[in-house]
Structures are given as C-alpha cells and as structure tokens.
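If you read the sequence from its start, that first residue is 1, and numbering goes on from there. What's counted below: heavy atoms across the whole structure, side chains too, no hydrogens, waters or symmetry copies.
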Amino acid sequence: MADPKGFMTTPRQDWARRPVEERVRDWDEVYVPGALLPIINKQADRCMDCGIPFCHDACPLGNLIPEWNDLVSRDDWRAAADRLHATNNFPEFTGRLCPAPCEAGCVLAINQPAVTIKNVEVAIADRAWELGFAPPRPPDRLSGRTVAVIGSGPTGLAAAQQLTRAGHTVAVFEKDDRLGGLMRYGIPEFKMEKRHLERRIAQMQAEGTKFRTSTTVGRDIGAAELRSRYDAVVIATGATAWRELDVPGRELTGIHQAMEYLPLANRVCEGDLEVSPMSAAGKHVVIVGGGDTGADCLGTAVREGAASVTQLDIYAQPGAERDEDAEPWPTYPKIYRLSAAHEEAGALRTAPAADADARLFAASTLRFTGDAEGQVRSLHLVEVDAERRPVSGTGRTLPADLVLLALGFSGPDRADGLVDQLGLAMEPRGTISRDAGFATSAPGVFAAGDAARGQSLIVWAIAEGRAVAAAVDRHLTGSSRLPAPIGPYDRPMTV
C-alpha cells in the first residue's frame, strides 16, 4: 500500500471523455488521448490493499488488483504488467469493454466512490505495449498434440493463446473474414479501436497460433471431419442466436436485428464499405432493448447522422444509488449509468420523446405500422409496471424509419450444422451442455464462453477461455499447470 491515506485524501477521477461535439464527428475512441497517465498513479494510491479484497471475487479472472495498484502507484510498470498478464490475456480489451464488476466489489465502494480499477487496468495494458512489456511468448517445446478452436472471440482467443503457450499446436477457425468475433464486428470503433485487436492477434501469430478465416465449421468443413483431424476441439462460437420480437408489423421493411446493423458500420470503419446500406442518416431510429448492445446502436446511429434516436428499456429507471436491501455490496448493482453514447444523445437531444439521454424506461413495444410500400414508419408502445403489465392510458407512438432490435441472445446459432453434426447435447435454454470439466457429450469436444454459459460479459468470456484451456491440456497430457479461474457452473455474485 503506497499511500495509507490515499483513499481519504484523493477523490476519484475518471478518464476524461472528449467533448461530445468533437467525438460524434469521428469513430475514434471517446476518451481524451494521453489524459489517463498523469492521474493514474494517484488513483492507484486510493486502493486500500484490503486484507480480504472482494474485487478478486467480483472479477471471474481473479485479477490481482491490489498488487498491480500498488505497483502502478510506484511507477513500476514492468512488474504491474507482469501481474496483470498473469491472470488476464487481454487487459486492453477488458479495460475498455468490461463494466467493471470489480469496482462494485471494491471495499472502498461501501461508503465512497470505488477505486478506478478499470482505468488502472487499461493504463497498465497500454503502457505495457508502449514499453515493450508484452512480447510474444512461444513455447519452449511442442507437445505433438493438436487442438482446433472454433470461434475467435475473447473466449476462443484466450483458449488458443493458453494452449499454444502450453506447447500444443492450435488452429483457430473463424467464420468471418476477419478475426475477433463480436469484438471485431459487434463492438463499435468508438468503444475499442481495432488496432488493439490486431496487435494482440499479431502477438498470437508470433507465438505459433494458426488462424483460418472465412471458414464456417459445419458448412465449409464438416464438424466430424474437423474432429477427426485434431486431438481436441474447443467450441467457442458465442451466443449468436438473437432473440426476436413477436409483435404485429415485425415483417415491415426497416426493422433489423442489432447484429445486422452494427457489423455494417464496423465494415465502413474497416474500409470495406463507403456507406452502410442500413445507415441511420436522416432517419428516425428506435432501438428496442436497454442493454449495452442497444447503447452501441445508439452511439452508432448518432455518428451516422440520424434525425432522431430513441432507446426503449422495458425495465423501470433504476436509482442513482445502490439499494442495500435488494442488492447489497459487493454484488453488482442495477443503478442508473450514463454510457458515452447516452451522454452524447442527452447532450444532442436526439430523442425529443425521452426525458433525457434518449432512453424511455418501462416501455413495451405493442406493434409497428408502415406505409403503403411496406416500410416501417411508426412504433406503438405502452408503459408497463414492475410485472411488465401495460398501464392503462399510457400508449404513445414514435416515428420510426429504422428499428433496431437489441434483445440479447439465447445461445449458439445452429444453422451452420456444427451442433447437429457432432450430436451435442443441449440445455433447455439453448446452450451447449457440458460437464464439470467443460467436456460436451462428444468425446474430445469441449465448449466454453457464451455458447455454453449463455450471454455474458467479456471478462467471463476470457475466464472461460483460460479455464477450458486448462481442461483441454489436462485431457491431452493427464495434468495441467494452466490456471483455471472458474468452473463451468460458477456465476457472478448475486443476492
């Protein structure tokens, strides 16, 4: 603990965002470049080096947070990078994309603003690359065993890197033309510039991991054939079967899933397209769904120049403070949070129908109506109570030329044939069934990440990748020294 009084003398200071008017005109990350490093030592000083650090339990990776906070406060960036990478393969991803359950579990958060753990993490990660503290780590010797990893999202990449470093020959199969899964085509550039992803993939290639893009297992290559060619297979395809909205008018033109819309905007940033064919420019946009994916659609539509953007959340607006009775510390509370996209929408008044930040809470979609050509023009909604029952007399209509459905995902998409070709047992909720060792019902086939856990956070995805790598290593060699931070049945801390 570098400064025993740091948590009393230093107030919380977050990484500053660029002015709204500036950042909505580009696709760069929203934060002020270079503004984090001057403040981060003092912010790390706020860590109390607790005897029982609940931030460890709140983070499924088991990040050694007090240790690297202390090292950052002392400007020991090399040691901090070593401690951070000891538990997290991709801290530059989590430091930008994770909602930081570790901060909800920070002991200081009992009665003060939590330590800026997420900001310290991303500062270490970026500093490590800048100073050359994240070199490739190829194995000393090869095991002679081969592993196929299906999917290159955070789970697949983490599993592949761990297994490659353990000495196995690993090939990652990705159905898209570029690597990264949802990090590539689901996460907008303004949340994480793809240069961070490219840098990590280059590191993995230097370590010996092989990548096969534009290859759908089950279609371009049979799942059984793949299994016969490798000693083990890891399924890390994610949960890509999106949830539908079954209301009248759903068939109208102009109503799309969020994951049909977001990849096109990312392809514009990649240079594949000049303009997205689903661009929100000049349109009245309504986003159905109050989660992070909906917020990503919101920020994207604002940058595309939408005439208006409104986001519907079926839940009531949460309070600004934790409800200690319903969600006591150190659980992750449902409180009112203002993402960068909501800050932008609020400042620009993109949703005249909403009180602030473009969101309408406790709102349920009743139906869509369109024009004579079958193009959606209006969304009809009603307010609902805590049990989602319509409240009489609260119906209203919003103009809607583009509707984006951001209702989450139920499990892996089975259209490619992977699940059926391997004869995998499935859970009733649509995810792949597995045992306590991450093994599926097919011999030598393992499942990890959202495909088996269900829709979750990036930090859980990486933890699953690390854990399944240990399970596969044990399967191939009889034992493993790889860390396994979680089990397949572990869940976040909740009441």
Side-chain angles (χ1 to χ4, degrees), residues 15 27-31 36 59-65 68 80-81 83-103 116-130 133-134 136-137 149 151-162 164-165 172 174 176 178-205 207 209 211 236 238-239 262 266 269-270 292-293 295-296 339-340 448-450 453 455-469 485-486:
W15 192 359
W27 294 88
D28 298 340
E29 288 182 7
V30 300
Y31 294 102
L36 186 56
C59 174
L61 284 166
N63 280 334
L64 306 171
I65 295 164
W68 39 260
R83 299 313 289 149
L84 179 57
H85 283 101
T87 57
N88 188 352
N89 297 70
F90 314 123
E92 65 272 33
F93 302 166
T94 52
R96 289 174 167 82
L97 304 177
C98 181
C102 53
E103 294 187 16
T116 56
I117 298 170
K118 180 176 174 178
N119 283 180
V120 177
E121 178 182 40
V122 78
I124 298 170
D126 288 352
R127 196 81 170 133
W129 284 107
E130 179 186 339
F133 298 157
R137 292 170 45 199
V149 175
S152 68
T155 298
L157 291 180
Q161 185 166 65
Q162 292 294 94
T164 296
R165 290 176 173 179
V172 178
E174 169 56 51
D176 286 324
R178 293 185 178 89
L179 300 165
L182 286 181
M183 291 188 297
R184 171 73 68 180
Y185 289 127
I187 299 297
E189 192 84 357
F190 58 81
K191 286 183 69 174
M192 188 184 78
E193 294 172 9
K194 301 308 179 283
R195 59 188 176 88
H196 302 294
L197 181 58
E198 297 289 0
R199 184 170 54 189
R200 191 60 78 170
I201 290 169
Q203 179 199 51
M204 293 179 64
Q205 289 174 323
E207 292 172 346
T209 303
F211 294 99
L262 290 172
N266 275 304
C269 293
E270 294 279 7
D292 289 342
T293 302
D296 292 344
S339 72
D450 291 3
R453 174 173 291 274
Q455 185 178 347
S456 190
L457 305 176
I458 185 172
V459 69
W460 280 91
I462 296 173
E464 286 251 341
R466 290 171 68 85
V468 77
I486 60 171

Colleague: Hey, are the side chains of R184 and I201 touching, using non-hydrogen atoms and a 4.5 Å cut-off?
Modeller: yes

Colleague: Run the side chain to side chain donor-acceptor pair (under 3.5 Å) test against R165 and tell me which residues pass, sequence neighbours left out.
Modeller: E207

Colleague: Among residues at least two apart in sequence or on other chains, which ones pass ring-ring contact (aromatic ring centres under 6.0 Å, His included) with W15?
Modeller: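 Checked W15 against ring-ring contact (aromatic ring centres under 6.0 Å, His included); matches are Y31.
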
Colleague: With sequence neighbours excluded, what pairs up with N266 under the side chain to side chain donor-acceptor pair (under 3.5 Å) test?
Modeller: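 Expected list: none.
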
Colleague: Looking at every non-hydrogen atom in both residues, tell me the closest pair between Q203 and A134 and how far apart they are.
Modeller: NE2-O, 3.2 Å

Colleague: Within the 4.5 Å heavy-atom criterion, are Q161 and T209 side-chain neighbours or not?
Modeller: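 They are not in side-chain contact.
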
Colleague: If only atom types and distance count, is the side chain of E189 paired as donor or acceptor with the main-chain N or O of C269 below 3.5 Å?
Modeller: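 Side chain of E189 to backbone of C269, a donor-acceptor pair under 3.5 Å: no, none is there.
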
Colleague: Can you list the residues that meet the side chain to side chain donor-acceptor pair (under 3.5 Å) rule with R199, with sequence neighbours excluded?
Modeller: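 Result, side chain to side chain donor-acceptor pair (under 3.5 Å) vs R199: H196.
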
Colleague: Using the side chain to side chain donor-acceptor pair (under 3.5 Å) criterion, which residues pair with R127? Sequence neighbours excluded.
Modeller: E130

Colleague: Drop me the distance from N63's CG to T94's OG1, to the nearest 0.5 angstrom.
Modeller: 6.5 Å

Colleague: Hey, does the side chain of E174 reach the backbone of S152 with a donor-acceptor pair shorter than 3.5 angstrom?
Modeller: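 Between the backbone of S152 and the side chain of E174 there is a qualifying donor-acceptor contact (under 3.5 Å).
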
Colleague: What I want to find out is whether R96 reaches E193 closely enough, with some N-O distance under 4.0 Å, to be called a salt bridge.
Modeller: no

Colleague: Which residues satisfy the side chain to side chain contact (heavy atoms under 4.5 Å, CB included) test with K118, sequence neighbours excluded?
Modeller: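 Here the qualifying residues are A100, E103.
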
Colleague: Can you confirm whether more than 12 heavy atoms, excluding those of D292, are under 6.0 Å from its CG atom?
Modeller: no

